Structure formats: structure tokens, C-alpha cells
Amino acid sequence: MKNPTQIISLLQSRAGTFAPIMDHDLNAPDVTPLDFTSSNQLLLSSNLRNTAEFEQMVQQMLQEKNATVGVGGYFENRDIYRRSEHFSGEEEARTIHLGVDIWAPAHIPLYATLAGKVHSFQDNNNFGDYGPTIILEHELEGHTFYTLYGHLSRTSLQGKSVGQAVQAGEQVATMGPYPENGDWPPHVHFQLMTDMLGKSGDFPGVCAPSEKAYYQNICLNPNLLLNSKHLQ
């Protein structure tokens, strides 16, 4: 496993220089953090297996904060994964979120935050999974790391090829609608990894609480690239 310290320092030294992931300014006043932990009482009264009802809940959360875009979730211990057996385990369920979610309308364009190439892509087509997923590989000053875009539209995978060059600010995908996005309210799961662990087209976006320390050395804070004041 790579030591993440040098990559963190490198990205911190370039803070504010990366291309935005979307057209909406993630520092705008209509962007707000959303809470999907057990402390959010709305989760108790919503049928999360019904994606339309889940989306209505997300919209209610945004409206209550006079917001149009929701963000958050890095290493948040969430209560929403009980909606799908995809996150169940024989001994311990996966509840710790390893990336950042940006909740925004379906079909909006998504961009590469920095130059790289397509590492891999696939449609992880299970209820509650990523749906269409693209992973980019980046190299800065001899350090390699990866960004993952999950819950995309199926059209985002068209024309992609492994090794395909991607420029900073180039559109790489569009936000997926449900059910093709893994059957979630529209959002992009954005994750920053130092190591792919031999995986292709997929990477854990949620881990069990007992695995938290292990993944903290692999899944860095995506806000190193997003640079949003609304994220920790």
C-alpha cells in the first residue's frame, strides 16, 4: 500500500488550481452539506428502497436549507445503505462512505478535475451499486492516483477506451438518472484513491466500520480536488 502523505501534500500545494467537476460552483451559497447518518430523523420516516420517495426526501432536505445542490459524505457513517442487500455482510454491514457525493440534477455534465487517462469503466448494474462508473488515472510529479465517478448515465460509457487521454476540464460523463445510475436519486459519487488494489471498473465506495483505518490510507479526501468550503 502506498504512503498517502506525499500525495496529500502535493494536492494541498496545488489547492484551487484544479478544474471544477461541474458547472455549478461548489462554493456557492445554494450548496449545502447533507446528513445521511442516523441523526437525520427524515431517514426514519422514508422508504429508502423506493427511489422516487428517496429523491423526494433529498429534495426536502435541500429545500429546508434553501439549496439546490447537496454535498458531503466523506467517511460518514451512513444509515441509508440498509436500502440494499448490496451493502450487507455476514458479520458486519458496510456503512462508512469512502467518497464525496454531489446531489444535483440528472444529465448535467461532469468534468475531469485534472489531466489523466481512462483507467477503466463499466456498468456496475446492481440495485444500490454505482451503475455506470468511470475511473481516471492521474500522475503528478511521479505520483499516481485515481478518481472515480459513480452513478453516471449509460451514455457516459459510450466512446470510452482504456488508456484514452483526458484533459483537465474535459467532460467525461453526465449525471445519471435512476434506475440506470444504480437506482439512486441523481448524484455523483466522487472518490480519490491512491491504489486500485488490482481492481478495474469498480472500487469499494463503502466499507465496514472495522475497515475504516485501512481505507483511510487509500481513499483520500476528494475535497483536495474539489476545494469546496461546504466540505470538510
Side-chain angles (χ1 to χ4, degrees), residues 20-88 93-111 124-133 148-156 173-191 205-207 209 221-223 226-232:
I21 192 173
M22 59 194 299
D23 291 321
H24 199 106
D25 180 4
L26 293 183
N27 286 299
D30 65 340
V31 177
T32 187
L34 295 185
D35 176 12
F36 291 104
T37 70
S38 58
S39 63
N40 184 344
Q41 296 300 306
L42 271 179
L43 300 182
L44 301 178
S45 58
S46 299
N47 178 10
L48 299 180
R49 288 190 61 86
N50 183 317
T51 307
E53 185 172 333
F54 191 174
E55 183 177 24
Q56 289 178 349
M57 183 194 75
V58 171
Q59 292 304 313
Q60 180 180 342
M61 293 166 67
L62 291 171
Q63 290 167 7
E64 288 176 351
K65 297 188 176 183
N66 296 314
T68 58
V69 173
V71 295
Y74 180 59
F75 273 87
E76 184 175 71
N77 191 349
R78 290 179 157 183
D79 197 45
I80 55 176
Y81 299 117
R82 55 185 166 82
R83 72 188 298 258
S84 171
E85 287 74 20
H86 179 65
F87 302 98
S88 301
R94 295 188 294 139
T95 60
I96 306 295
H97 189 245
L98 303 179
V100 160
D101 285 337
I102 304 172
W103 304 81
H107 307 296
I108 64 171
L110 299 168
Y111 306 103
N124 297 290
N125 188 21
N126 301 302
F127 177 73
D129 206 337
Y130 283 135
T133 308
L148 181 150
Y149 298 70
H151 309 301
L152 307 176
S153 65
R154 289 206 175 105
T155 58
S156 300
T174 54
M175 193 93 79
Y178 66 87
E180 68 183 70
N181 68 349
D183 222 321
W184 288 89
H187 72 288
V188 61
H189 174 99
F190 184 64
Q191 193 161 310
V206 185
C207 75
N221 191 339
N223 205 35
L226 299 175
N227 196 38
S228 172
K229 66 182 180 182
H230 299 292
L231 293 165
Q232 296 180 350

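Along the sequence shown, residues carry numbers from 1. No experiment lies behind these values; they were computed from the predicted model shown.
- The shortest distance between side-chain heavy atoms of Phe36 and Val58 falls below 4.5 Å.
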Atom pairs and distances, donor-acceptor, side-chain atoms in residues 61-69, under 3.5 Å, two or more places apart:
from, atom 1, to, atom 2, distance (Å)
Glu64, OE2, Gln60, NE2, 3.2
Lys65, NZ, Pro33, O, 2.9
Thr68, OG1, Asp30, OD2, 2.7

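- Glu53 meets the side-chain contact (heavy atoms from CB on, under 4.5 Å) test with Ser46, Asn47, Asn50; sequence neighbours excluded.
- Residue Asn181 holds its CG atom at 12.0 Å from CG of Asn124, rounded to the nearest 0.5 Å.
- Inter-residue side-chain proximity for Arg49 and Phe127 is flagged as met; some heavy-atom pair is nearer than 4.5 Å.
- Checked by atom type and distance alone, the side chain of Tyr130 pairs as donor or acceptor with a backbone atom of Gly205 at under 3.5 Å.
- Using a distance-only test at 3.5 Å, with no hydrogens or angles considered, a donor-acceptor pair links the side chain of Asn40 to the main chain of Leu42.
- The CZ atom of Arg154 sits 12.5 Å away from atom OG1 of Thr174, with the distance rounded to the nearest 0.5 Å.
- Although no hydrogens or angles enter the test, the distance criterion places a donor-acceptor pair under 3.5 Å between the side chain of Asn27 and the main chain of Lys229.
- Residue Tyr74 comes nearest to Pro222 through the heavy atom pair CD1-CD, 3.6 Å, listed as atom of the first residue, atom of the second, then distance.
- In this structure, CG in Leu98 is found 5.0 Å from CD in Gln191, a value given to the nearest 0.5 Å.
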Derivation of the salt bridge (charged side-chain N to carboxylate O under 4.0 Å, His left out) call for Arg78 and Asp35: CA-CA 8 Å; Arg78 290 179 157 183; Asp35 176 12; over 6 Å; no
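- Taking CH2 from Trp184 and CG from Leu48, the interatomic distance works out to 8.5 Å, rounded to the nearest 0.5 Å.
- When all heavy atoms of Pro186 and Pro105 are compared, the closest pair comes out as CB-C, 4.2 Å.
- At least one side-chain heavy atom of Ile102 sits less than 4.5 Å from a side-chain heavy atom of Ile21.
- Considering only residues two or more places apart in sequence or on other chains, Pro209 meets the side-chain contact (heavy atoms from CB on, under 4.5 Å) condition with Glu92, Thr95, Ile96.
- For Phe75 and His97, the ring centers are positioned 6.0 Å apart or more.
- Taken from CG in Leu43 to OG1 in Thr37, the straight-line distance is 7.5 Å, to the nearest 0.5 Å.
- Annotation: side-chain contact (heavy atoms from CB on, under 4.5 Å) contacts of Pro177 (sequence neighbours excluded): Ala106, His107, Ser153, Glu180.
- Taking 4.5 Å as the limit, some side-chain heavy atom of Leu26 sits within range of a side-chain heavy atom of Val71.
- In this structure, the side-chain contact (heavy atoms from CB on, under 4.5 Å) partners of Pro109, at least two apart in sequence or on a different chain, are Asp23, Tyr111, Gln171.
- Side-chain contact between Leu152 and Met175 is absent, with no heavy atoms from C-beta onward closer than 4.5 Å.
- Rounding to the nearest 0.5 Å places CG of Leu148 at 5.5 Å from NE2 of His189.
- At a threshold of 4.5 Å between non-hydrogen side-chain atoms, the residues His230 and Thr32 do not count as touching.
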Worked check of side-chain contact (heavy atoms from CB on, under 4.5 Å) between His151 and Phe190: CA-CA 9 Å; His151 309 301; Phe190 184 64; over 6 Å; no
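- Taking the side-chain hydrogen bond (donor to acceptor under 3.5 Å, both in side chains) definition, one finds that Asn223 meets it with nothing, sequence neighbours left out.
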